[in-house]
Amino acid sequence: MSDLFRVNEQIVACNLCTRLREHCTTVAAVRRRAYREQEYWGKPVPSFGDPEARIMIVGLAPGAHGSNRTGRPFTGDGSGDFLYPVLHRAGLASQPGAVSRDDGMQLHDTWITSVVRCAPPGNRPLPDEIARCAPFLDAEIAACHRLRVFVCLGKIGFDGVVAHLLRTGQIPRRGPLVFGHGVEYAIPGGRWLLASYHPSLQNTNTGRLTAPMMLEVFRRARQLAQGK
């Protein structure tokens, strides 16, 4: 727990990306009308979950009025409203609703992180911003000693884990690791790499991603985490 706590402290204190910090600070100051009376988090968002997790969920980045407001991954926006009920049905979350850091949510055998820790303008981080955040992902993965399964939400999350495997010398080249919903790859260390479409409103409102589709991915993740 202490290693992950230290990584989270470093994440919150990070000021390496001027563009991202300015964007998050501006959004937190202006606020959306619906949240005008709320105090925004407005800082890099720390990861969240069970420090003994065997499953790591890797997303893209905080939402400007979601995690950048609440200070917890996938909390307080449409993506979280879709994701947490699925995690609850899969037995990985204590409750289906996530609205704030103080709502009592607990994750079971699951740790949620992201490739970028600050909300990017237009939900589009730049390559150099992804690169500056990469050491945090490396440190988290190293600190999750029981980790067996990655579940990547979206292509950027998937590419972030593949880049980690390359950067740390676990694989010599990308090879057959290609993003797609429901893909499943065995990777070094007795681990598994799974992927789902991202639960963005663009994907969920159009039916590209449905709750049963995502639930199937997480049920498979549980099976692999348990060695089945």
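Not measured: the values here are computed from a predicted model. We count residues from 1, following the sequence as given. Just so you know, these numbers use all the heavy atoms, side chains as well, and skip hydrogens, waters and symmetry mates.
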Say you draw a straight line from CG of Leu83 to CG of Leu153; how long is it, rounded to the nearest 0.5 Å? 6.5 Å
What distance do Trp41 atom CH2 and Cys24 atom SG have between them, rounded to the nearest 0.5 Å? 12.0 Å
For Glu184, does the CD atom sit with more than 12 other heavy atoms under 6.0 Å from it, leaving out its own atoms? yes
Could you name each residue pair satisfying side-chain hydrogen bond (donor to acceptor under 3.5 Å, both in side chains) that touches residues 146-157, not counting sequence neighbours? Lys155-Asp159
Is it the case that the side chains of Ser200 and Gln202 hold a donor-acceptor pair, with the cut-off being a distance below 3.5 Å and no angle test? no
Inter-residue atom distance Arg6.CZ - Glu9.CD, 0.5 Å rounding: 8.5 Å
Only pairs at least two apart or in different chains count here, so list each ring pair (Phe, Tyr, Trp, His ring centres under 6.0 Å) that has a residue in residues 185-228. Phe74-His198, His181-Tyr197
Between Gln38 and Arg69: side-chain donor-acceptor atoms closer than 3.5 Å: yes
Any donor and acceptor pair, going by atom type alone, linking the side chain of Thr110 with main-chain N or O of Leu107 inside 3.5 Å? no
Mind running side-chain contact (heavy atoms from CB on, under 4.5 Å) on Val183 and Phe158 for me, showing each step along the way? CA-CA 11 Å; Val183 297; Phe158 184 86; 4.3 Å; yes
Given a cutoff of under 4.5 Å between side-chain heavy atoms of I, L, V, M, F, W and Y, with clusters grown through shared members, what are the other residues clustered with Tyr40? Val27, Tyr35
With rounding to the nearest 0.5 angstrom, report the CZ to CD distance, Arg222 to Gln226. 5.0 Å
Could you list who else is in Val7's hydrophobic cluster, with ILVMFWY side chains joined at under 4.5 Å, directly or through other members? Ile11, Phe136
Could you pull out all residues at least two apart from Asp138 that satisfy side-chain hydrogen bond (donor to acceptor under 3.5 Å, both in side chains)? His164, Arg167
side-chain hydrogen bond (donor to acceptor under 3.5 Å, both in side chains) filter on Glu140, not counting sequence neighbours, yields Ser47, Trp111, Thr113, Arg117
For Ala225 against Asp109, the heavy-atom pair lying closest together: CB-OD2, 4.4 Å
